[in-house]
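When a residue number appears, it is its place in the shown sequence, counting from 1. Predicted model, so just to flag it, every value in this text is computed and none were measured.
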Amino acid sequence: MRKYIALLAGLMLSAFAEAKVLVVSDIDDTLKVSHVLSKKGAATSFADDDSRFVGMSEIFQMLNLQHEDIEFHYVSLAPKLLMNEQHTDFLEENGFPITKLHMNSGIKQDPELKQKVIRKVLTETNPEVVIYFGDNGQFDAVVYDQMVKEFPHIPAVSYIREAYSRLDRSKFPTMEGQIGFVTSVEVAIDLISKGLLMKKAYGPIEQIVYKRMKKDDKDEKFGPMVFPWWQDCRDFKWQWDVKNPSVKLQKIQSVIAERCAQ
């Protein structure tokens, strides 16, 4: 039985390695530190191209290198007239591979924009697996859950950054079946466990997060960071059973437990 399970797992990993992959990602508070639920924070981040969550662009780059047939679509509710240049600059300057950036064409937000865009992209590309990235500040969890249900024949995994807490301002918490995360380390661990990312990708991500955490003074406002000062991750639950975790991973878990208990 164990040999059968191992063989099946190997076949799944091989299939994912050769599959047509679609990455769909939000930007603000998922990749970029924006604090969108704060008017002051959102205004401050308008022209800020440097404040990013460390490790995310590296994960995207590694996915791009590993999968020959992969597309990266970024979907933002921000108005194109105001934020197209800023979002494009942020993605390019921080090394995120781009297939297309989708935004609201008018000043007024279309709350259904993400569903419309994702629905169209899924239909046109017909991927074999979809990887969603979002946060629990606005509609990402709800949108991705809806898309998974509308396209049940397409395997999908949804990663939701626990930027806010339902105990405070999050009205759209991570939903059942979605993977909540607070650092890129958890994303790397989970992608590797699903055969979507090569094992050798883990070390560099762990190092990036560990190194940045050592510099963290718990008052992070600008530049690359792990935890911005305002992040409330009290909803987060660690769900990975890592055998023989490194000293660095143990430290990362310790810091996560401390920060998310506040």
Side-chain angles (χ1 to χ4, degrees), residues 21-36 45 48-67 70-76 78 86-102 130-138 140-141 144 157-164 174 178-194 196-198 200-213 215-216 220-228 230-231 233 236 240 248-249 252 255-256 259-260:
V21 179
L22 173 66
V23 173
V24 175
S25 183
D26 175 54
I27 296 175
D28 291 312
D29 288 343
T30 299
L31 310 176
K32 180 181 180 180
V33 182
S34 302
H35 202 185
V36 295
S45 69
D48 182 0
D49 295 335
D50 299 320
S51 296
R52 67 183 186 277
F53 290 102
V54 298
M56 295 305 294
S57 62
E58 288 82 0
I59 285 178
F60 279 37
Q61 291 165 16
M62 291 172 183
L63 284 169
N64 194 35
L65 287 172
Q66 180 171 340
H67 300 278
I70 185 169
E71 292 188 9
F72 294 83
H73 290 259
Y74 302 88
V75 189
S76 172
Q86 284 75 14
H87 274 346
T88 300
D89 287 347
F90 170 79
L91 294 171
E92 291 180 346
E93 291 176 14
N94 290 288
F96 287 96
I98 307 171
T99 299
K100 190 169 183 179
L101 170 60
H102 308 264
V130 186
I131 309 173
Y132 293 107
F133 292 93
D135 65 86
N136 64 350
Q138 293 185 313
D140 296 337
Y144 296 159
V157 57
S158 301
Y159 296 103
I160 305 295
R161 183 180 296 281
E162 303 287 354
Y164 306 93
T174 302
Q178 299 175 339
I179 310 298
F181 73 99
V182 290
T183 83
S184 52
V185 164
E186 302 97 82
V187 177
I189 291 172
D190 201 78
L191 284 170
I192 291 169
S193 74
K194 290 178 169 58
L196 290 165
L197 192 64
M198 62 190 81
K200 65 181 181 180
Y202 174 75
I205 300 301
E206 181 188 71
Q207 175 64 16
I208 289 167
V209 173
Y210 176 76
K211 186 176 180 180
R212 181 60 250 179
M213 274 187 169
K215 298 179 180 179
D216 193 345
E220 310 304 304
K221 291 184 172 64
F222 299 104
M225 66 186 80
V226 179
F227 288 101
W230 49 263
Q231 184 166 354
C233 53
F236 176 71
W240 299 271
K248 291 179 182 178
L249 178 57
I252 290 170
V255 173
I256 290 174
R259 291 296 299 267
C260 295

Polar side-chain atom of [X] near backbone of [Y] as donor-acceptor pair, under 3.5 Å:
X      : Y      : result
Gln66  : Met198 : yes
Asp135 : Ile160 : no
Asn136 : Thr174 : no
Ser57  : Asn94  : yes
Gln178 : Ala141 : yes
Ser184 : Phe53  : no
Asp190 : Glu186 : no
His87  : His102 : no
Gln231 : His35  : no

Does the side chain of [Y] come within less than 4.5 Å of [X]'s, by heavy atoms?
X      : Y      : value
Val182 : Cys260 : yes
Leu191 : Met62  : no
Leu91  : Leu31  : yes
Thr30  : Tyr74  : no
Phe72  : Thr99  : yes

**Request:** For Tyr202, enumerate each residue passing the side-chain hydrogen bond (donor to acceptor under 3.5 Å, both in side chains) test, keeping only those at least two apart in sequence or located in another chain.
**Result:**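 Partners of Tyr202 under the side-chain hydrogen bond (donor to acceptor under 3.5 Å, both in side chains) test: Glu206.
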
**Request:** For Tyr144 and Ser158, work out which heavy atoms get closest and say how close.
**Result:**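 Of all heavy-atom pairs spanning Tyr144 and Ser158, the closest is CB-OG, 3.7 Å.
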
**Message:** Once you measure the plane-to-plane angle for Phe133 and Phe60, does it fall in the parallel (<30°), tilted (30-60°) or perpendicular (>60°) bin?
**Reply:**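 Ring orientation of Phe133 relative to Phe60: tilted.
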
